[in-house]
Amino acid sequence: MTHIVQNRIGGALRDASDGATFEQRNPADRAQVVSVAPESTADDVADAVAAATDAAAAWKRTTPTQRAEILTKAGQALAARASQIAAEMTAEMGKPLADTTIEANRTPKNLALYAGEAYRLTGSTFPSDDTPLVYSVLDPVGVVGVITPWNFPLNLASRKVGPALAAGNTVVYKPSPFSPLMGNRLAEAFEEAGLPAGVLNVVHGLAAGAHLVNDARVGAVTFTGSNATGRKIHAAMSIGRRLQLELGGKNPVLVLADADLDAAAEIVARSSFGGLAGQACTGAGRVLVHESLHDALLERVVAKAGALVLGPGDRAGVTMGPLIADSARDVVHAAVEQAVAEGAVIVCGGAPSDGELAGGSFYPPTVLTGVQPGSALSRDEVFGPVIGFETFTDLDEAIVSANAVEYGLAAAVCTKDIATAQRCAAEIQAGMVRINRPTVGAAFNAPFGGVKQSGTGTHKEQLGPTVMDFYTVSRTVWLGS
Ligand code: NAD
């Protein structure tokens, strides 16, 4: 079934003003067009920003209860349709149904959490020599631009749209061109919940993100996506406009000499492959293994890779889906070929899937060993199911190697020794260090995000107790008599 997706601007459903569209095909079956969406013009995006600007004053005046009720009802509307949305998400971006079901059920919980944030916006009072009362209050920023990738199309968007609205901002949301239908499902839930027209506007398109970022009326831009795009957005922003970038990673799993081998193999496989076929920002691309465990770990990880069932995500028994596009598959394969040219050896996988999977963008779980420190595979993000093994002989070397990349998103450490675990947690340069846990996953009440080139370092504001900081401005008032 093909879904016709439209922009939502000031409460009206609109095509692109010049009628242009783009299509998203099922990554598991290129013959199936899942969604057709507007390729928005600069004028369309400007109209959406104007609608958000016009709606800002009235939305800012709403009470916490009014905002919280709308977020709660939007979550309920999504939850009521979770199985339909999960099936659509699988068709649109490829993740197996088990994964999309988790996401469809988790997103309403995010909205419930942010509904509560509407009540938790606080200020402070300050002793003053001047007047009896100096206090600070939190205001909304104004119009927030939300730009998201496709790999968690509902969940990531809810983590931005939810807190933005709870704080009293209006929003122009630009979903990924690979998941326009999911963008509209989120907006429909808010509409059903009674969100006033113009408070949440949605514009689609390949160029719409750049138009949004270039509009100075957008006071804050929150972006999750690739470093290449993040750099462009960073360059386009100016003083006085707020920016939050959540970018890529080259996340290592460190397997130390005392690690439980079976548990470590499971952690590597879950971090690197999974239903998303390695297309998670926190997915692991490197295993740094003590040389004494290399062969035994490699054997176990290859066995786990072999046990994965590749196929369309709506087929029973499938545990790993396709890559998002043929172009993505080509990029992944080129990275594998370059690794081999730089001395690595393919142990399993290493070529696009053919046979009955040739009609989709499938790439098998791929394990390489003999990856050279400093080589491209050891250094650069590969957004796919590719893991490279590197060995070390002592912990100092392992930590230096873990840190020898420009990224700093997530890391996993497999060890039974608590002191070693604590040293790794302190010295590995990553926003999230997970001891005996996979690199992937998030807790919505704990901070999430990266350091170094993995983001703007505002990860304390993406999830967790300080999530509202990005969406609010503190104003200090001196109350004289
Ligand atoms: P992408 O950068 O290609 O696209 C992300 C979004 O940016 C899309 O909506 C796209 O249309 C838009 N965009 C493209 N060019 C733009 C421009 N010039 N100005 C404004 N917007 C523009 O990323 P992707 O392929 O969708 O996602 C994969 C990347 O996202 C990976 O690098 C992954 O690591 C990263 N990611 C990070 C996190 C995190 O929380 N750190 C989470 C998920 C994904």
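Both counts, for ligands and for their atoms, begin at 1 and track the order of listing. If you read the sequence from its start, that first residue is 1, and numbering goes on from there.
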Which of the atoms in ligand 1, numbered in the order shown and given with their element, are less than 4.0 Å from a heavy-atom of [X]?
| X | value |
| --- | --- |
| L156 | 42 (C), 43 (C) |
| S176 | 9 (O) |
| I147 | 6 (C), 7 (O), 9 (O), 12 (C), 20 (C), 21 (N) |

With backbone taken as N, CA, C and O and side chain as the heavy atoms from C-beta onward, which portion of [X] lies under 4.0 Å from ligand 1: side chain, backbone, both, or neither?
| X | answer |
| --- | --- |
| F223 | side chain |
| A228 | neither |
| N151 | side chain |
| E381 | side chain |
| F178 | neither |

Between the candidates [options], which shows the shortest non-hydrogen contact distance to [atom]?
| atom | options | result |
| --- | --- | --- |
| atom 21 (N) of ligand 1 | P180, G145, G209 | G209 |
| atom 15 (N) of ligand 1 | V146, T229, T282 | T229 |
| atom 31 (C) of ligand 1 | F448, Y173, F383 | F383 |
| atom 18 (N) of ligand 1 | R159, M93, K232 | K232 |

Expected output: side-chain [X] to main-chain [Y] donor-acceptor under 3.5 Å:
| X | Y | result |
| --- | --- | --- |
| R434 | G441 | yes |
| K250 | R286 | no |
| T170 | A52 | yes |
| T100 | A86 | yes |
| D99 | G313 | no |

Considering only non-hydrogen protein atoms, determine which one is nearest to [atom] and report residue, atom name and distance to 0.1 Å.
| atom | value |
| --- | --- |
| atom 41 (N) of ligand 1 | L247 O, 2.7 Å |
| atom 25 (O) of ligand 1 | W150 NE1, 3.5 Å |
| atom 27 (O) of ligand 1 | P149 CB, 3.4 Å |
| atom 36 (N) of ligand 1 | C281 CB, 3.4 Å |

Using non-hydrogen atoms of the residue, decide whether [X] is closer than 4.0 angstrom to ligand 1.
| X | answer |
| --- | --- |
| P175 | yes |
| G450 | no |
| G455 | no |

Do ligand 1 and [X] have nitrogen or oxygen atoms that lie under 3.5 Å from each other?
| X | result |
| --- | --- |
| S226 | yes |
| K174 | yes |
| L206 | no |
| T224 | no |
| T148 | yes |
| G225 | yes |

query = Taking NZ, NE, NH1 and NH2 as the nitrogens, is one of them in E103 or R106 under 4.0 Å from a carboxylate oxygen of the other?
reply = no
query = Can we say D326 and R30 salt-bridge, meaning some charged N sits less than 4.0 Å from an Asp/Glu carboxylate O?
reply = yes
query = Cationic tip of R379 within the cone over Y407's six-membered ring, i.e. under 6.0 Å and within 45° of the normal?
reply = no
Working for side-chain hydrogen bond (donor to acceptor under 3.5 Å, both in side chains), residues N184 and H3 = CA-CA 11 Å; N184 270 29; H3 299 269; over 6 Å; no
note = Contacts of A220 meeting side chain to side chain contact (heavy atoms under 4.5 Å, CB included) (sequence neighbours excluded), chain-then-number -> V141, V144, R242, F470
Side chain to side chain contact (heavy atoms under 4.5 Å, CB included) assessment of I9 paired with V203 = CA-CA 8 Å; I9 299 176; V203 285; 4.3 Å; yes
message = Run the side-chain hydrogen bond (donor to acceptor under 3.5 Å, both in side chains) test on S271 and N251 for me, step by step, so that the C-alpha distance in whole Å, both residues' side-chain angles and the decisive distance to 0.1 Å come before the verdict.
response = CA-CA 9 Å; S271 302; N251 311 299; over 6 Å; no
query = Would you call the rings of H333 and Y363 parallel, tilted or perpendicular, where under 30° means parallel and over 60° means perpendicular?
reply = tilted
ask   = With a 4.5 Å limit on heavy-atom distance, are the side chains of R159 and N155 in contact?
value = yes
query = Taking only residues two or more places apart in sequence or in another chain, which ones pass ring-ring contact (aromatic ring centres under 6.0 Å, His included) with F362?
reply = none
